[in-house]
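Worksheet: the structure to be examined is printed underneath.
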Amino acid sequence: MKKAKCILSMLLLLCVFLFPTSPSAFAESTTNSTQPPMLTSISFKNAEIEGNFNPQIYDYTLRLVDSTVTPTLKSYKTNKNADVFVTYKTDETKHTTGIDVTLGYENGSVIYTFNFPFAQTENVNSNNLLSAVDCKYGEVYPEINENDTDYKLYIPSDLTQITLSAATQDVSAYCEVPGTITLNTDQEPTITLIVTASDGSTREYALKVKRLNKTCDEVKYEMAQPGFTSIVEGELYYQKPEFFIAVVSAGAGTAMLIIFIFTTKRLTRKVQDADEEEFFDMK
């Protein structure tokens, strides 16, 4: 009997050493690892959420600050790493009426929906400007502005499907966005977006695809980091230290070459013509 108790005690001690975490803690950890990510905060340009935001509530209504301006995503925070993609939704009249924020993770995705009623207006105008373009795992550079219509769309080196969403500046305008674009890893096409104003005038935008020296996994990791701002900043050649060193070196080399040429000309300059007699030449 004593021998059996001794063996049981040894087995219990072995379990303690092999499984230092309590079963309940282990179960909680496993559950947390499979739980979907959540938004902990979110804000929009030109819109406010009606009521208080709750991470466990997924449908909201937005109140527009200016009923003629399309709201766009301003900032957000999540409780864990997630692939975040913004979709600007349109209704059957092709007007933007809502924003979906999708949080993708290993086991699926979570969608937060923010709807706002489209206010019909007789204020027909020629505003055919874009205000935002969102690309899954990609980034438009520079930021969309009122002056430029040609942009670069930077994507990971191994991305084979481009998914875009766009918002017009005027809530009555409409942007024709192509569906999912499938391409090979060596392709860098130009994507055309056409914005139609409420008066029917159009503006064409060109997004030239450029591939970064980063994979999708590397881009996902960067995007999931706290304080993430851009996958492009610091990656473009002209933003790298080597570029500045090359520019300075080239400038210094050019300056030295100019000085050398100028000095050489001065040293080899003839002080008199070949047939000119010396002043003190006595014949």
Side-chain angles (χ1 to χ4, degrees), residues 42-50 60-76 84-102 111-155 162-181 183 188-210 229-233 236:
I42 189 168
S43 63
F44 299 88
K45 297 177 183 177
N46 190 53
E48 296 177 353
I49 300 174
E50 291 188 355
Y60 295 90
T61 299
L62 293 180
R63 182 175 66 255
L64 303 188
V65 177
D66 184 340
S67 61
T68 66
V69 178
T70 304
T72 55
L73 181 65
K74 182 179 181 181
S75 64
Y76 66 87
V84 180
F85 180 62
V86 180
T87 304
Y88 296 97
K89 302 186 299 178
T90 57
D91 61 9
E92 63 278 359
T93 64
K94 296 185 177 180
H95 296 117
T96 306
T97 57
I99 301 173
D100 281 349
V101 180
T102 303
I111 301 176
Y112 288 83
T113 297
F114 303 87
N115 292 315
F116 53 91
F118 171 69
Q120 296 290 341
T121 175
E122 296 180 359
N123 182 26
V124 177
N125 59 73
S126 60
N127 188 339
N128 49 23
L129 296 171
L130 277 177
S131 62
V133 175
D134 199 82
C135 177
K136 194 171 185 178
Y137 308 135
E139 181 178 334
V140 175
Y141 193 88
E143 279 190 33
I144 299 295
N145 58 75
E146 296 186 359
N147 301 316
D148 300 322
T149 55
D150 293 329
Y151 294 88
K152 299 291 192 302
L153 173 58
Y154 289 92
I155 63 173
I162 295 178
T163 305
L164 291 173
S165 182
T168 57
Q169 190 178 90
D170 185 82
V171 73
S172 300
Y174 170 72
C175 180
E176 185 178 341
V177 181
T180 301
I181 302 169
L183 63 166
E188 295 183 332
T190 297
I191 301 171
T192 300
L193 302 180
I194 298 176
V195 179
T196 303
S198 56
D199 69 353
S201 62
T202 61
R203 183 184 299 260
E204 186 175 296
Y205 289 82
L207 307 179
K208 173 59 179 175
V209 174
K210 293 288 185 181
T229 56
S230 171
I231 61 172
V232 178
E233 291 287 351
L236 302 184

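The analysis underlying the following values was restricted to heavy atoms, covering all of them including side chains, and did not include hydrogens, waters or symmetry mates. Index from 1, following the sequence.
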Less than 4.5 Å apart, side chain to side chain, heavy atoms only: is that true for [X] and [Y]?
| X | Y | answer |
| --- | --- | --- |
| Ser131 | Asp170 | no |
| Thr68 | Asn125 | no |
| Leu73 | Ile42 | yes |
| Ile181 | Val209 | no |
| Tyr137 | Thr163 | no |
| Leu130 | Cys175 | yes |

[X]: which residues meet the side-chain contact (heavy atoms from CB on, under 4.5 Å) condition with it, sequence neighbours left out?
| X | value |
| --- | --- |
| Lys74 | Ser43, Lys45 |
| Thr190 | Ala206, Lys208 |
| Asn115 | Lys89, Thr113 |
| Glu92 | none |

| Derivation of the side-chain contact (heavy atoms from CB on, under 4.5 Å) call for Leu64 and Val69 | CA-CA 8 Å; Leu64 303 188; Val69 178; over 6 Å; no
Taking atom [atom1] of [X] and atom [atom2] of [Y], what is their separation to the nearest 0.5 Å?
| X | Y | atom1 | atom2 | value |
| --- | --- | --- | --- | --- |
| His95 | Thr90 | NE2 | OG1 | 10.0 Å |
| Thr87 | Ile99 | OG1 | CD1 | 10.0 Å |
| Gln169 | Ile144 | CD | CD1 | 11.5 Å |
| Asn127 | Thr168 | CG | OG1 | 7.5 Å |
| Cys135 | Ile231 | SG | CD1 | 8.0 Å |
| Glu188 | Leu183 | CD | CG | 9.5 Å |

Which heavy atom of [X] sits nearest a heavy atom of [Y], and at what distance?
| X | Y | value |
| --- | --- | --- |
| Ala197 | Ser126 | CB-C, 3.5 Å |
| Pro142 | Tyr151 | O-CD2, 3.4 Å |
| Ala47 | Val65 | N-CG2, 3.9 Å |
| Val195 | Leu129 | CG1-N, 4.1 Å |
| Ala132 | Tyr88 | CB-OH, 3.9 Å |
| Phe116 | Leu62 | CB-O, 3.6 Å |

| task | Return the set of residues passing ring-ring contact (aromatic ring centres under 6.0 Å, His included) with Phe85 (not counting sequence neighbours), or none when no residue passes. | result |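 For Phe85 there are no ring-ring contact (aromatic ring centres under 6.0 Å, His included) partners, ignoring immediate neighbours.
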| message | Going by ring-ring contact (aromatic ring centres under 6.0 Å, His included), name the residues that satisfy it together with Tyr205, two or more places apart in sequence or in a different chain. | response |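 Here no residue qualifies.
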List for me each residue that meets side-chain hydrogen bond (donor to acceptor under 3.5 Å, both in side chains) alongside [X], sequence neighbours excluded, and say none if there are none.
| X | answer |
| --- | --- |
| Asp150 | none |
| Tyr60 | none |
| Asn46 | none |

| message | Under a 3.5 Å distance rule, please check whether Ser165 uses its side chain to pair with a backbone N or O of Asp134 as donor and acceptor. | response |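 Judged by distance alone, no pair lies under 3.5 Å.
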| query | Under 3.5 Å, is there a donor-acceptor pair between the side chain of Asn145 and the main chain of Glu143? | reply |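 Side chain of Asn145 to backbone of Glu143, a donor-acceptor pair under 3.5 Å: yes, one is there.
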With sequence neighbours excluded, residues passing salt bridge (charged side-chain N to carboxylate O under 4.0 Å, His left out) with [X]:
| X | value |
| --- | --- |
| Glu48 | Arg63 |
| Asp199 | none |
| Lys94 | none |

| said: For Glu50, is the CD atom crowded, meaning more than 12 foreign heavy atoms sit under 6.0 Å from it? | reply: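 Check passes, neighbour count above 12.
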| said: Is there a side chain to side chain donor-acceptor pair (under 3.5 Å) between Glu204 and Thr192? Walk through the geometry before answering. | reply: CA-CA 7 Å; Glu204 186 175 296; Thr192 300; 4.5 Å; no
